[in-house]
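What follows is a single structure, written as structure tokens, with notes after it.
Sequence lines set the chain letters: A, B, ... in the order given, protein chains first and strands last, and positions in each chain run from 1. All values below were derived from every heavy atom in this structure, side-chain atoms included, with hydrogens, water molecules and symmetry-related copies excluded.
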Protein chains: 2
Amino acid sequence: VSESLLTPSRVYDLPHHEAIEFKDIVDAKRRIEGIICETPLLESPLLNDTAGRRVLVKAECLQKTGSFKMRGATSAITALEVAQQKSGVLAYSSGNHAQGIALAAKLAGIKSVIVMPNDAPKLKIDNTKSYGAEVVLYDRVGGEDREKLGATLAAERGLHLVKPYDDTHVIAGQGTCGIEIAEQSKRLGVTECDVLVCCGGGGLTSGIAISLESLAPQMIVRPVEPNNFDDVIQSQRSGKREHANLNANTSICDAIVTPSPGELTFPIINRLCGMGITVSDNQALKAMQLALTYLKLVVEPGGAVALAAATEKNNQSLSDTVICVVSGGNVDADRLKQAIDYQ
Amino acid sequence: VSESLLTPSRVYDLPHHEAIEFKDIVDAKRRIEGIICETPLLESPLLNDTAGRRVLVKAECLQKTGSFKMRGATSAITALEVAQQKSGVLAYSSGNHAQGIALAAKLAGIKSVIVMPNDAPKLKIDNTKSYGAEVVLYDRVGGEDREKLGATLAAERGLHLVKPYDDTHVIAGQGTCGIEIAEQSKRLGVTECDVLVCCGGGGLTSGIAISLESLAPQMIVRPVEPNNFDDVIQSQRSGKREHANLNANTSICDAIVTPSPGELTFPIINRLCGMGITVSDNQALKAMQLALTYLKLVVEPGGAVALAAATEKNNQSLSDTVICVVSGGNVDADRLKQAIDYQ
């Protein structure tokens with residue numbers, strides 16, 4: 001068979017050398033149990049009616065710090081060696097990884113410095129400070145490079161950098177969400193369906209995909225991205241990591257506006273995931289409203305895109321039952337009111 | 001010992017003949033498992049900081065239909081004999097019992113008629129209809145008697161009346177929440193604390209109290225009521241069922257504005273519960289805001305009073321760790337925005 005006839009996923013078949021495998025997720029689960037919480041898999045009959053299909057909602061906005069990022073952050077920090085713990089950690093993040101690292105560091109009794117964009121939601125900046133982290137703001141819109149700034153700070157102060165998704169322990173931590181999805185959906189008799197995941201750099205998407213490959217191989221993970229920031233989907237199409245121009249467009253989905261899928265996450269997504277789906281800002285707002293009304297959940301725009309895709313009646317490509325991950329709930333008051341009033 | 005020296009609780013000691021005992025709750029749990037869901041016990045470090053104590057939140061707003069009432073409704077309907085099921089059920093309710101009965105009846109394939117006040121939150125009326133119930137509105141403020149109207153309708157149409165709290169199967173169903181509280185808090189190492197419960201007619205309060213008497217006897221259930229509608233607390237003080245004047249005052253806590261503790265629930269509350277606590281409408285709004293911000297939960301005013309009491313820094317009578325039940329989340333958009341904007 002010539003290589004051009006192979007789907008991208010086949011290219012990575014047997015043997016594949018990826019950042020993590022399922023046993024890494026099991027190890028992470030053991031480390032973070034008792035620190036993070038198991039989030040519920042929720043269902044609402046009226047939401048099902050609205051969606052025209054059965055929608056099971058993995059409510060990661062109920063995770064400590066209000067997003068799934070607490071899983072990966074705790075996994076990474078509990079995996080540090082003692083010497084690394086002593087010198088402290090550094091992270092750059094639009095806000096959810098920031099809060100995860102800040103709280104996980106606090107609970108481990110170690111210092112954290114977080115580099116955040118100065119246009120991040122105020123709630124995310126405030127909470128990160130409240131967890132005891134030192135926050136350093138950078139000018140995202142002006143084009144300041146957070147990775148460069150983070151690397152400089154880490155070198156200057158001897159801090160250990162925990163990347164938001166291109167870190168094996170972080171991916172393994174996010175993968176624990178997939179173990180819970182497999183166990184909880186099995187109890188409901190659901191073993192075969194699309195699993196929609198809000199996707200930025202791909203840490204959660206790839207982690208869940210690895211877990212489900214082992215525990216629920218009939219489930220297909222599909223990344224969901226905001227319109228115009230569909231770098232993962234473009235990469236799925238081309239088979240290599242494509243880059244979105246972050247300055248050419250805007251999106252209210254701050255949590256998942258990323259330049260490209262990760263170096264470690266993309267090979268996993270490319271091998272295991274079904275084709276991604278994009279949604280508009282308005283669809284995200286509508287999904288936030290549905291979550292408030294029917295699920296009693298506060299969801300942020302970037303955490304609502306998978307629910308938006310799941311409740312899109314006209315999407316014929318979805319299975320009759322879908323699982324969607326509501327990945328975060330850290331949203332400012334004005335945006336929340338905008339969702340309440342959305343018509 | 002003269003009876004006047006006995007605390008009210010001692011009067012009911014050994015032997016006491018109450019509406020239910022713990023085994024009735026175990027039976028109810030068996031009937032409703034797989035229909036209702038286990039709700040999580042949530043915790044937020046920032047909420048703890050705000051409260052000045054550890055607050056574990058039993059999130060019953062995440063129960064199907066958005067309130068704990070689905071437990072009791074499902075318990076009652078699954079306990080009906082086949083002949084009763086065939087003729088259908090009737091309920092009167094300000095909205096949460098209504099939705100519980102409507103959905104439980106729908107899932108059991110039986111007819112339901114619900115008598116609701118015409119000033120109930122629109123969301124509650126709409127949802128009850130959406131679950132397939134026939135809704136009959138009555139003039140609550142004008143003094144129309146819902147019990148009389150309900151009895152008439154039940155007699156005319158041969159419907160089985162499921163009362164909102166003075167029904168043994170309903171109380172047993174609400175008690176299943178207490179089994180979950182005992183199990184979930186034990187996993188966190190918490191076995192001794194105050195358990196604050198939003199209290200209207202006392203079905204949830206008495207059901208949880210019976211469960212904890214068996215499973216976590218060091219936990220003390222304390223009812224929480226709105227200012228001016230503290231009929232349960234007045235009854236705890238006098239040792240007999242006192243009545244609140246529903247027309248002399250107003251409260252935004254529609255779900256728990258009831259005339260008096262139930263005939264079946266009060267003896268249980270009187271024997272097992274610690275002294276109740278009252279909160280103002282403003283405290284309820286503030287608690288709704290805390291739930292939105294730190295727990296990512298939508299809570300209705302009447303469902304927020306226990307959280308309001310739990311987060312009241314100046315209450316010295318509370319244990320260092322408290323569990324509070326957030327009992328419902330069915331709130332209209334305007335009230336929700338009022339909570340977001342509360343200062």
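The nearest pair of heavy atoms linking Leu292(B) to Val298(A) is CD2-CG2, 3.4 Å.
Looking at Leu295(A), the atoms closer than 4.5 Å to chain B (heavy atoms on both sides) all sit in the backbone: N, CA, C or O. Within the 4.5 angstrom heavy-atom criterion, only side-chain atoms of Leu123(A), from C-beta onward, approach chain B. Residue contact with chain B, scored on non-hydrogen atoms closer than 4.5 Å, is absent for Leu107(A).
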Can you list the donor-acceptor atom pairs spanning chain A and chain B that come in under 3.5 angstrom?
residue   : atom : partner   : partner atom : Å
Lys296(A) : O    : Val298(B) : N            : 3.0
Lys296(A) : NZ   : Gly329(B) : O            : 3.1
Lys296(A) : NZ   : Asn330(B) : OD1          : 3.0
Val298(A) : N    : Lys296(B) : O            : 3.0
Gly329(A) : O    : Lys296(B) : NZ           : 3.2
Asn330(A) : OD1  : Lys296(B) : NZ           : 3.0
Lys337(A) : NZ   : Asp341(B) : OD1          : 2.6
Lys337(A) : NZ   : Asp341(B) : OD2          : 3.3
Asp341(A) : OD1  : Lys337(B) : NZ           : 2.6
Asp341(A) : OD2  : Lys337(B) : NZ           : 3.3

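Note: Pro45(B) leads Pro45(B), Gly66(B), Ala291(B) in heavy-atom pairs under 4.5 Å with chain A. Between chain A and the residues Gly328(B), Cys37(B), Pro40(B), Gly34(B), the largest count of heavy-atom pairs under 4.5 Å involves Pro40(B).
Partners of Ala287(B) by side chain to side chain contact (heavy atoms under 4.5 Å, CB included), not counting sequence neighbours, listed by chain and number: Ala304(B), Leu307(B), Ala308(B). In this structure, the side chain to side chain contact (heavy atoms under 4.5 Å, CB included) partners of Ala73(A), at least two apart in sequence or on a different chain, are Ile101(A), Ala104(A).
The shortest side-chain heavy-atom distance between Leu297(B) and Leu62(A) falls under the 4.5 Å cut-off.
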